[in-house]
Amino acid sequence: MTNYTSINDIDNINSWIEEAKEIKANPLKNIQLGKNKTLGLLFFNSSLRTRLSTQKAALNLGMDPIVMNVSGDAWGIEFGDGTVMNGNTAEHIKEAAAVVSQYCDIIAVRAFPTLTDKELDQSEHVLKSFVQFASVPIVSMESATGHPLQGLTDAITISENATKKKPKVVLSWAPHVKALPHAVGNSFVQAMQKMDVEFVIANPEGYNLNPEITKDTPIYHDQEEALKDADFVYTKNWSSYDDYGKVLKTDLDWMITKDKIGDAKFMHCLPVRRNVVVEDAVLDSDSSLVIEQANNRTYAAQLVLKKILENN
Amino acid sequence: MTNYTSINDIDNINSWIEEAKEIKANPLKNIQLGKNKTLGLLFFNSSLRTRLSTQKAALNLGMDPIVMNVSGDAWGIEFGDGTVMNGNTAEHIKEAAAVVSQYCDIIAVRAFPTLTDKELDQSEHVLKSFVQFASVPIVSMESATGHPLQGLTDAITISENATKKKPKVVLSWAPHVKALPHAVGNSFVQAMQKMDVEFVIANPEGYNLNPEITKDTPIYHDQEEALKDADFVYTKNWSSYDDYGKVLKTDLDWMITKDKIGDAKFMHCLPVRRNVVVEDAVLDSDSSLVIEQANNRTYAAQLVLKKILENN
Amino acid sequence: MTNYTSINDIDNINSWIEEAKEIKANPLKNIQLGKNKTLGLLFFNSSLRTRLSTQKAALNLGMDPIVMNVSGDAWGIEFGDGTVMNGNTAEHIKEAAAVVSQYCDIIAVRAFPTLTDKELDQSEHVLKSFVQFASVPIVSMESATGHPLQGLTDAITISENATKKKPKVVLSWAPHVKALPHAVGNSFVQAMQKMDVEFVIANPEGYNLNPEITKDTPIYHDQEEALKDADFVYTKNWSSYDDYGKVLKTDLDWMITKDKIGDAKFMHCLPVRRNVVVEDAVLDSDSSLVIEQANNRTYAAQLVLKKILENN
C-alpha cells in the first residue's frame with residue numbers, strides 16, 4: 001500500500017480487522033519498524049482525536065511525529081494550476097507537498113470541505129494534490145468526502161462488539177446546529193458495505209448521501225422503521241448533499257434516545273453535541289461504544305502506518 | 001499518588017524536596033521509567049515555563065510529551081451537566097477527558113479562572129471535570145485557584161537557598177496593570193504553611209487572599225513592617241478576592257525595590273513586568289532567584305510525574 | 001562554535017560544505033551526539049521548511065525538538081531596556097531567554113524585521129537579545145537581516161550542482177506583491193562572497209541591498225546583461241533598502257522566465273509565488289533546484305547543530 005485515502009484502499013477488511021486486533025493486543029510489538037522515520041501531520045482544520053491518536057500510533061511504531069497547523073503556522077497554500085499568485089496564497093501545493101516530502105517519510109493530511117462549492121469538494125483537490133505532488137505516502141486524516149481512518153476504526157469496533165454472526169447496523173442521521181461534512185457518513189457506509197452485516201441508512205428526505213457511495217444500501221426516511229432490531233446504531237449528522245451544504249431540518253425529532261434504540265450499541269465518531277444529536281441517557285449508558293471507538297482510532301492508524309512502512 | 005492538583009497532595013514536603021534535589025543532581029537516572037508512556041499537555045491558556053519545563057521533565061523520564069492548545073487546535077469544550085449543546089461548544093468534557101485518556105498515560109491541564117464568576121472559579125470546574133471524567137492521572141499546570149507545580153518549585157528553591165534554620169519568608173503583593181489570578185499566591189501560601197519557616201503575607205487592604213487558604217498566616221497591610229528582616233521576598237500580583245477579580249489599586253507604591261528588600265532573596269514565578277511589579281535593580285541583582293526558580297520547575301514536574309509513574 | 005547567527009560564523013565554507021555532504025550521505029551517523037539534549041525552536045513568525053527541516057535535523061542527531069510559537073502560545077516579549085512594563089508586553093527578554101535556557105541545550109529563533117523601523121531592524125535587537133541573555137547557544141532560523149541556514153543550504157546546493165570549476169552565479173531580484181525582508185538576499189550574498197564563483201547581483205534601481213553587505217560585488221540594473229552566461233540564477237524578492245521597506249515596482253518585467261535563463265539552474269528559497277516571481281515553465285523544468293534546496297535545509301541545520309554540540 002502506498003497511500004491510504006479511502007476505504008477503497010482496504011483490500012480485505014476482515015484480515016485488516018484481525019491485524020488491528022493483534023496490534024491492540026500488543027501495541028509495541030513493532031516499535032522498531034518506524035525507528036528514525038518521521039510522520040508529518042498537517043492540519044488545515046481542528047482535531048482532537050485524530051491529532052492525538054495518530055501521534056500515539058506513530059509513537060507505538062517508533063516513529064517521530066511532527067505536527068503542523070498549516071493555516072496558523074505556515075503559509076496560505078495555492079491549489080490552482082497556472083495561477084498568477086498575486087493574492088493571499090504564498091506557496092503552491094506543488095512546492096509545499098514536495099518540500100514536506102523531504103522531511104517526512106509519511107504525510108498525514110486533514111482538510112475539510114468548503115460545503116459551499118460541491119464540485120470543488122467532490123474533486124478532493126487538497127488530498128489529491130498531496131497525492132500528486134508529494135513523493136512519500138499520504139494518509140487521509142479526514143478529507144472533503146471521506147474519513148477512512150474513522151471508517152476502519154468503526155469496522156474494528158463493530159467486529160469486537162458483535163454478538164451474532166451478521167448483526168444489523170443502522171447509520172442514522174441526527175440533528176445538529178451547524179452544516180457538517182459527509183466524510184464520516186461516507187466512509188462508514190463504504191466500510192459497512194465491505195463487512196458481513198445487515199446495513200441500512202436512516203435519514204430525513206433531502207439528506208440522502210451521494211448515491212455513488214450509498215449504491216444499493218437501503219435508505220429509510222422513517223427512522224423508527226430503520227432502527228427496528230438494530231444491534232448497532234451509528235449516529236452522525238451531515239448537511240444536505242443534494243441541496244449542497246444546507247441545513248434543512250433543525251428540530252430534534254431525529255435525536256437518538258434510549259427509547260428509540262433500546263439495548264442496541266450506540267456509536268458516534270465524536271465530537272458529539274449532547275442532547276442535540278443524542279441524549280445523555282444513551283451516551284452515559286453501557287450501550288455506548290464511543291470511548292472504545294476513540295481508543296480504536298490508535299490501532300486503525302497504527303495498522304495503516306504499519307502497512308505503509310512495511311511496503312516502503 | 002494518582003493526581004497532583006493541589007499542594008495538599010504533598011504528603012511530606014521535606015521528603016519531596018529531598019527527592020527533587022536528588023532528581024536535580026541526576027536528572028536522567030529514571031529515563032527508563034516513562035518509556036513508551038505519553039504525557040498529554042492540554043493548554044486552555046498561554047504558557048512558556050510550564051510548557052517547556054513540563055515537556056523537559058517528561059523527556060528526562062523517557063516519556064513522549066504531546067502538546068495541545070485546546071482552544072486553538074481542537075473544539076470548544078462544554079462543562080455543563082445536561083446541557084442541550086446547540087451553542088458554541090462542540091464537545092463535552094465527559095467525552096473529551098475520557099477520549100484523551102485513551103492516548104495519554106498522564107494528562108496535564110492548564111486552565112485559568114474567569115475572574116468574573118467567583119463561584120465557578122472556586123468550584124475548579126475544569127480541573128475537577130478532568131479528574132472526574134479522565135481514566136488516567138491528572139496534573140494541574142495551573143488551575144483557577146492553584147498552581148501546585150509552582151508552589152512545589154518555590155519550596156525547593158527556598159530550601160536550596162536558606163542560610164538559616166527557620167528563615168523569614170514574606171509573600172508580598174505587588175502592583176500590575178491587569179487583573180491576575182490568585183493561583184500562584186494560594187499555592188505559595190499552602191506550601192509555606194507546610195514548611196519550617198516564619199511566614200507572613202503583605203498586601204493592601206481589600207487584597208486579602210481567600211481566608212480558607214491563608215488560615216492563621218499573619219497578614220500585614222503595611223508592606224514595610226512585613227518586609228522587616230525578611231530572608232526571602234516572594235512577590236506576586238493578584239486581583240481582589242473579596243471584590244472578585246477587581247483591580248483596586250494602580251499606583252506603584254507597593255512595587256518591590258532594592259531599598260525595600262535590601263539583601264533578601266527575591267522570588268517571582270514569572271512572567272514579571274519590570275518596573276511595575278519589581279524594579280530592574282532587584283531583578284538584575286545577585287539576590288534574584290527567579291531564573292533558579294524557573295530551572296526548578298523542571299525538577300518539581302519531574303518529581304510529580306515520577307511519583308505518578310511509580311504508583312501506576 | 002557557540003552561536004550561528006550569520007554567514008560570518010562560517011570559518012571555512014568549503015570544509016563546511018564537505019562535512020554537510022558527508023552528513024547527507026549518512027544522516028544518522030551522529031544520532032548519539034544529541035541524545036537527551038533538547039533543541040528549543042522559537043517562532044515569532046510563520047515557517048514551513050525551517051520548522052520541519054530543523055526538527056528533522058535535530059531528530060537525526062538524536063535531539064528532542066520542542067517547538068513554540070512565541071506569539072500564540074506564550075506572552076508578549078519586551079526588548080526595551082529599563083522599560084516600565086505597563087503596556088502589552090508581559091515578559092522581558094532578559095527573563096525569557098534565561099528561562100528558556102534552563103530547558104533547552106540549544107535555542108533556535110525566528111524573528112522577522114518590522115520593515116518599518118530600519119534602525120531597529122538593523123540592530124537585530126531580537127536575535128542579539130537572545131545571544132546576550134541566553135546561557136546556551138543560539139541559532140538563527142532567520143532574523144531581521146539574515147537567514148544563514150538558508151545561505152549555507154544554497155552554498156551546499158551550488159557546490160553539488162556545479163559542472164565547472166568557477167560557475168557564474170546571479171542573484172536576481174524579482175517582483176512580489178508584498179514588502180519582503182532582505183534576509184535571504186543578504187545571506188546569499190555573503191555565502192557567495194566566500195565561494196569560488198563569479199557572482200553578480202541584478203536588481204532594479206532603488207533596490208540595492210545594504211552596501212555593507214554587497215561590498216564590491218557587481219550590481220547590474222539591467223537584468224538581461226546580468227543573466228548572460230549564468231550557470232545558476234538565484235531569485236528572490238526584497239523590498240527597498242534605501243527607501244526602507246517600500247515596494248517601488250509592481251510590474252512583472254523582472255519575473256524570471258525560461259526565455260531569460262535558458263538552461264541555467266534556477267534557485268529560490270521558497271515559498272515562491274508562481275507566475276509573479278517566476279513562471280511555471282521554470283519551476284516545473286528540470287533546471288529547477290528548489291526542492292533539492294529544501295532537502296539540503298536539513299543537512300545545513302544538522303551541520304550547524306552538530307558543530308555546536310561538538311563544541312559544548
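All values derive from a computational prediction rather than experimental measurement. All chains are named by letter (A, B, ...) in the order of the sequence lines, taking the proteins before the strands, and each is independently numbered beginning at 1. FYI, side chains are in, hydrogens and waters are out, and symmetry mates aren't considered; it's all heavy atoms of this structure.
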Residue part contacting chain B, namely of [X], when any heavy atom lies under 4.5 Å:
X: Ser101(C); value: neither
X: Asp64(C); value: side chain
X: Asn88(C); value: backbone

Notebook entry, point to check: If you count heavy-atom pairs under 4.5 Å between each of Arg49(B), Lys56(B), His176(B), Gln293(B) and chain C, which one has the most?
Noted result: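 The answer is Arg49(B).
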Notebook entry, point to check: Who among Leu270(B), Thr50(B), Val272(B), Asp280(B) has the most heavy-atom pairs with chain C under 4.5 Å?
Noted result: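 Most heavy-atom pairs within the cutoff with chain C belong to Val272(B).
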Checklist line | Lys/Arg-Asp/Glu bridge criterion (N-O < 4.0 Å) met for Lys24(B), Glu292(B) | finding: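 A salt bridge is present here (some side-chain N lies under 4.0 Å from a carboxylate O).
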Notebook entry, point to check: Would you call Glu19(C) and Lys306(C) a salt bridge, using N to O less than 4.0 angstrom?
Noted result: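 Between Lys306(C) and Glu19(C) there is a salt bridge, with a charged N closer than 4.0 Å to a carboxylate O.
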Chain C contact via [X] - which portion, at a heavy-atom distance below 4.5 Å:
X: Asp284(B); result: side chain
X: Ile291(B); result: both
X: Leu52(B); result: both

Are side-chain heavy atoms of [X] and [Y] found at a separation under 4.5 Å?
X: Arg51(C); Y: Phe43(C); result: yes
X: Glu142(C); Y: Phe112(C); result: yes
X: Asp81(C); Y: Lys94(C); result: yes

Next item on the list: Could you check which of Thr83(C), Val100(C), Thr38(C) has the highest count of heavy-atom pairs closer than 4.5 Å to chain B?
Entry: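 Heavy-atom pairs under 4.5 Å are most numerous for Thr83(C).
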Note to self: Looking at Glu78(C) and Thr89(C), would you say the former's side chain and the latter's main chain have a donor-acceptor pair under 3.5 Å?
What the structure shows: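 No; zero donor-acceptor contacts below 3.5 Å.
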Margin query: Atom CG of residue position Asp286(B) - does it have more than 12 heavy atoms of other residues, nucleotides or ligands inside 6.0 Å?
Written below: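 No - once you tally the heavy atoms of other residues, nucleotides and ligands closer than 6.0 Å, there are 12 at most.
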